[in-house]
Asks: 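Following this message is one structure expressed as structure tokens.
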Amino acid sequence: MGSLTQHIDRPNPATYLGKGKIEELGALISEKDATLIIFDDELTPAQGKNIEDATGKRVMDRAELILDIFATRARSSEAKMQVELAQLEYMLPRLTRMWTHLEKFRGGIGMRGPGETQLETDRRLINHRIKLLKERLTEVTRAREIQRQGRRGSFRASLVGYTNAGKSSILRGLSGARDVFVEDRLFATLDPLTREVDLGENNRVMLTDTVGFIRKLPHHLVASFRATLEEVRDADLLVHVIDASHPQWEEQRNVVNGVLDELDIHDKPVLHAFNKIDRVAAETLLPLEERITNLLPNSVFVSTLADGGLEPLRRALLVKTRALRPIAEIRLGAGEGRLLAEIHRLGEVVDQRTDGAVLVLRARVDEALLGRLRRAGASVNGSNGTPDGVAASGAPSDRLVDLP
Ligand SMILES: Nc1nc2c(ncn2[C@@H]2O[C@H](COP(=O)(O)OP(=O)(O)OP(=O)(O)O)[C@@H](O)[C@H]2O)c(=O)[nH]1
Ligand SMILES: [Mg+2]
């Protein structure tokens with residue numbers, strides 16, 4: 001209905017805005033007949049209360065608003081618990097103020113213990129609920145960890161990025177999974193979702209979509225979503241999706257890097273996917289690509305809307321997968337047709353020859369398959385990160401045989 005800004009060196013500790021500005025705010029509110037004031041910044045509990053007292057209107061700060069949006073987006077029980085936990089932790093130090101809002105929804109039957117004020121009761125109930133939610137979330141984290149372990153051995157990449165950059169669209173485009181939720185709104189995705197993406201030539205990546213980040217993300221939320229973001233910590237590669245058509249993409253990129261830092265996620269290889277290039281004017285695209293490639297050599301330029309617009313990303317992922325699946329030399333005896341078929345089905349066979357009665361394959365296979373091969377009694381060399389060249393040296397091409 002209206003907006004108001006103030007340039008000051010430091011926010012007023014008591015009222016955030018200066019005294020005159022608060023009066024101006026009061027006048028604006030009555031003029032517009034507004035019922036709610038939203039601040040684009042986090043307020044201390046005292047500031048929130050003082051502004052409400054001065055204006056007589058409900059005050060929301062940036063953190064509370066973002067928490068509210070998250071609450072409307074949460075679908076899974078885990079996301080709901082995470083958001084509720086963040087909301088309760090936000091609320092606890094602000095209880096005296098918020099109590100007046102809560103009061104309206106309170107039923108007739110008192111839950112008050114002997115000698116307690118309503119405020120104390122609420123505080124006790126909230127603390128109890130926080131404890132319960134934390135316990136339940138720990139259980140979910142454990143279950144998720146087990147799920148993740150099942151995926152260990154395959155190449156895993158996580159999509160990260162500012163909200164609305166197009167992470168879910170990319171997952172949908174690459175995996176063809178129609179069940180990925182895409183929408184033009186903030187925080188469309190709260191739950192991580194993993195889908196297998198076929199990169200061609202028998203290379204696959206487990207690609208995980210994650211919650212989007214935003215400038216000044218409330219720290220309660222970062223804490224609550226820590227478990228969800230474990231997926232990111234566990235990935236072999238981060239794909240940082242950036243909306244290249246957004247005028248503030250550089251600032252957004254810094255915000256994402258800042259949150260990753262806050263989550264202690266360092267030293268992960270990062271591939272930058274500059275998305276929505278269909279929306280960048282043709283004459284600015286080339287200079288932009290040039291500038292970015294100089295700045296961040298590990299970048300691809302993509303669009304989820306254009307035909308074949310995701311191919312550069314698919315190719316880059318293929319290169320990364322290959323680098324992480326070094327060529328192994330596998331020796332199979334006669335009669336191991338089942339293992340041979342499995343290598344051809346899951347790995348990328350580079351060549352195949354016979355050595356007497358033994359079949360020698362050079363193939364890119366992931367750790368999970370290598371483990372299965374070893375357990376089945378196949379002899380395997382050149383795994384565990386042996387550079388490609390080592391295994392390659394012993395394979396004279398004149399001994400290649402036709403593939404079965
Ligand atoms: N023009 C254009 N729009 C795109 C492209 N990719 C995604 N979009 C649109 O951008 C909006 C956001 O896409 P999402 O895939 O939901 O973005 P997200 O990063 O998953 O967003 P959150 O889950 O909110 O963090 C949707 O309206 C998409 O249709 C693209 O390459 N070009
Ligand atoms: Mg999304």
Side-chain angles (χ1 to χ4, degrees), residues 40-42 62-63 66-67 69-70 82 86 155-171 174 186-194 205-277 279-280 287-304 310 312-313 316-317 319-320 323-324:
D40 187 18
D41 215 339
E42 208 156 326
R62 184 181 170 90
I66 292 178
L67 288 170
I69 299 175
F70 266 73
Q82 284 165 330
F155 176 53
R156 283 164 306 159
S158 265
L159 293 159
V160 295
Y162 208 79
T163 180
N164 218 40
K167 299 174 293 299
S168 302
S169 306
I170 287 181
L171 180 66
L174 285 179
L186 302 180
F187 311 118
T189 308
L190 291 193
D191 293 293
L193 180 72
T194 303
V205 56
M206 299 301 285
L207 191 60
T208 300
D209 185 17
T210 61
V211 59
F213 299 158
I214 195 168
R215 191 170 59 89
K216 295 191 253 176
L217 193 64
H219 63 272
H220 294 305
L221 262 183
V222 178
S224 303
F225 277 80
R226 207 170 273 272
T228 309
L229 291 162
E230 284 296 318
E231 302 279 339
V232 177
R233 199 189 309 277
D234 238 30
D236 300 305
L237 173 76
L238 302 187
V239 179
H240 184 164
V241 181
I242 297 160
D243 179 353
S245 72
H246 199 287
Q248 269 112 42
W249 69 260
E250 288 179 285
E251 190 197 325
Q252 298 188 340
R253 173 174 166 257
N254 290 336
V255 167
V256 172
N257 287 340
V259 178
L260 289 175
D261 270 352
E262 215 176 306
L263 291 164
D264 272 335
I265 296 165
H266 312 280
D267 313 324
K268 283 247 178 251
V270 179
L271 179 67
H272 299 92
F274 284 86
N275 189 32
K276 307 197 190 182
I277 55 167
R279 281 224 303 227
V280 180
L288 183 74
E289 288 192 4
E290 222 165 273
R291 182 162 78 84
I292 291 171
T293 315
N294 284 328
L295 188 76
L296 306 162
N298 229 346
S299 298
V300 289
F301 300 86
V302 296
S303 163
T304 65
L310 285 173
L313 178 57
L317 287 171
V319 170
K320 299 276 176 198
L324 275 158

Asks: Between Asp243 and Lys276, is there a donor-acceptor pair closer than 3.5 Å when you use the side chain of the first and the backbone of the second?
Replies: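 Looks like no, no N/O pair under 3.5 Å.
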
Asks: Just wondering, do Arg156 and Thr208 contact through their side chains at under 4.5 Å, heavy atoms?
Replies: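 No, too far: nothing below the 4.5 Å cut-off.
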
Asks: To the nearest 0.5 Å, what is the distance between CD1 on Ile69 and CG on Leu186?
Replies: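 So the CD1 of Ile69 and the CG of Leu186 are separated by 5.5 Å.
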
Asks: Is there a side-chain contact between Leu174 and Val205 (heavy atoms, below 4.5 Å)?
Replies: no

Asks: Indicate every side-chain donor-acceptor pair of residues 293-304 with a distance under 3.5 Å to a residue at least two apart or in another chain.
Replies:
| from | atom 1 | to | atom 2 | distance (Å) |
| --- | --- | --- | --- | --- |
| Thr293 | OG1 | Glu289 | O | 2.4 |
| Asn294 | ND2 | Glu290 | O | 3.3 |
| Asn298 | ND2 | Val270 | O | 3.2 |
| Ser299 | OG | Leu296 | O | 2.6 |
| Ser303 | OG | Asp278 | OD1 | 2.7 |
| Ser303 | OG | Leu305 | N | 3.1 |
| Ser303 | OG | Ala306 | N | 3.1 |

Asks: Could you tell me whether the side chain of Val239 reaches within less than 4.5 Å of the side chain of Leu237, counting heavy atoms only?
Replies: yes

Asks: Find out whether Lys320 and Phe155 are in side-chain contact, i.e. whether some heavy atom of one side chain is under 4.5 Å from a heavy atom of the other.
Replies: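 Yes. Closest side-chain heavy atoms under 4.5 Å.
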
Asks: Can you list everything that forms a side chain to side chain donor-acceptor pair (under 3.5 Å) with Asp236? Sequence neighbours excluded, please.
Replies: none

Asks: Excluding sequence neighbours, so at least two apart, what forms side chain to side chain donor-acceptor pair (under 3.5 Å) with Asp41?
Replies: Tyr16

Asks: Between Leu263 and Val232, does the side-chain contact (heavy atoms from CB on, under 4.5 Å) criterion hold? Intermediate values first, please.
Replies: CA-CA 10 Å; Leu263 291 164; Val232 177; over 6 Å; no

Asks: Leu260 versus Leu238: any side-chain heavy-atom pair under 4.5 Å?
Replies: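 Yes. Closest side-chain heavy atoms under 4.5 Å.
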
Asks: What pairs of residues pass the salt bridge (charged side-chain N to carboxylate O under 4.0 Å, His left out) test when at least one of them lies in residues 256-267, not counting sequence neighbours?
Replies: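 Residue pairs passing salt bridge (charged side-chain N to carboxylate O under 4.0 Å, His left out), neighbours aside: none found.
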
Asks: Just by modelled atom types, is the Tyr162 backbone N or O under 3.5 Å from a matching donor or acceptor in the Lys167 side chain?
Replies: yes

Asks: Between atom CG of Asn275 and atom CH2 of Trp249, what is the distance when rounded to the nearest 0.5 Å?
Replies: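 If we round to the nearest 0.5 Å, Asn275:CG and Trp249:CH2 are 13.5 Å apart.
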
Asks: In the structure I gave you, are the side-chain heavy atoms of Phe274 and Val280 within less than 4.5 Å of one another anywhere?
Replies: no

Asks: Checking Glu251 now: which residues fulfil side chain to side chain contact (heavy atoms under 4.5 Å, CB included) with it, not counting sequence neighbours?
Replies: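 Glu251 satisfies side chain to side chain contact (heavy atoms under 4.5 Å, CB included) with Arg215, Gln248 once adjacent residues are dropped.
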
Asks: Would you find a donor on one side and an acceptor on the other, under 3.5 Å apart, between the side chain of Thr210 and the backbone of Leu159?
Replies: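 A pair under 3.5 Å: yes.
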
Asks: Does Ala235 offer a backbone N or O that forms a donor-acceptor pair with the side chain of Lys268 under 3.5 Å?
Replies: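 Yes, the answer is positive, given that a donor and an acceptor are paired below the 3.5 Å cut-off.
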
Asks: Would you sort out whether Gln82 and Val211 count as a side-chain contact (heavy atoms from CB on, under 4.5 Å), showing the intermediate values?
Replies: CA-CA 12 Å; Gln82 284 165 330; Val211 59; over 6 Å; no

Asks: Between Arg253 and His240, is any pair of side-chain heavy atoms under 4.5 Å apart?
Replies: yes

Asks: Applying side chain to side chain donor-acceptor pair (under 3.5 Å), can you list everything that pairs with Thr163, at least two apart in sequence or on another chain?
Replies: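 With neighbours one apart ignored, the set is empty.
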
Asks: Do Leu271 and Leu313 have side-chain heavy atoms sitting under 4.5 Å apart?
Replies: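 The answer is yes, as the side chains (C-beta and beyond) meet within the 4.5 Å cut-off.
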
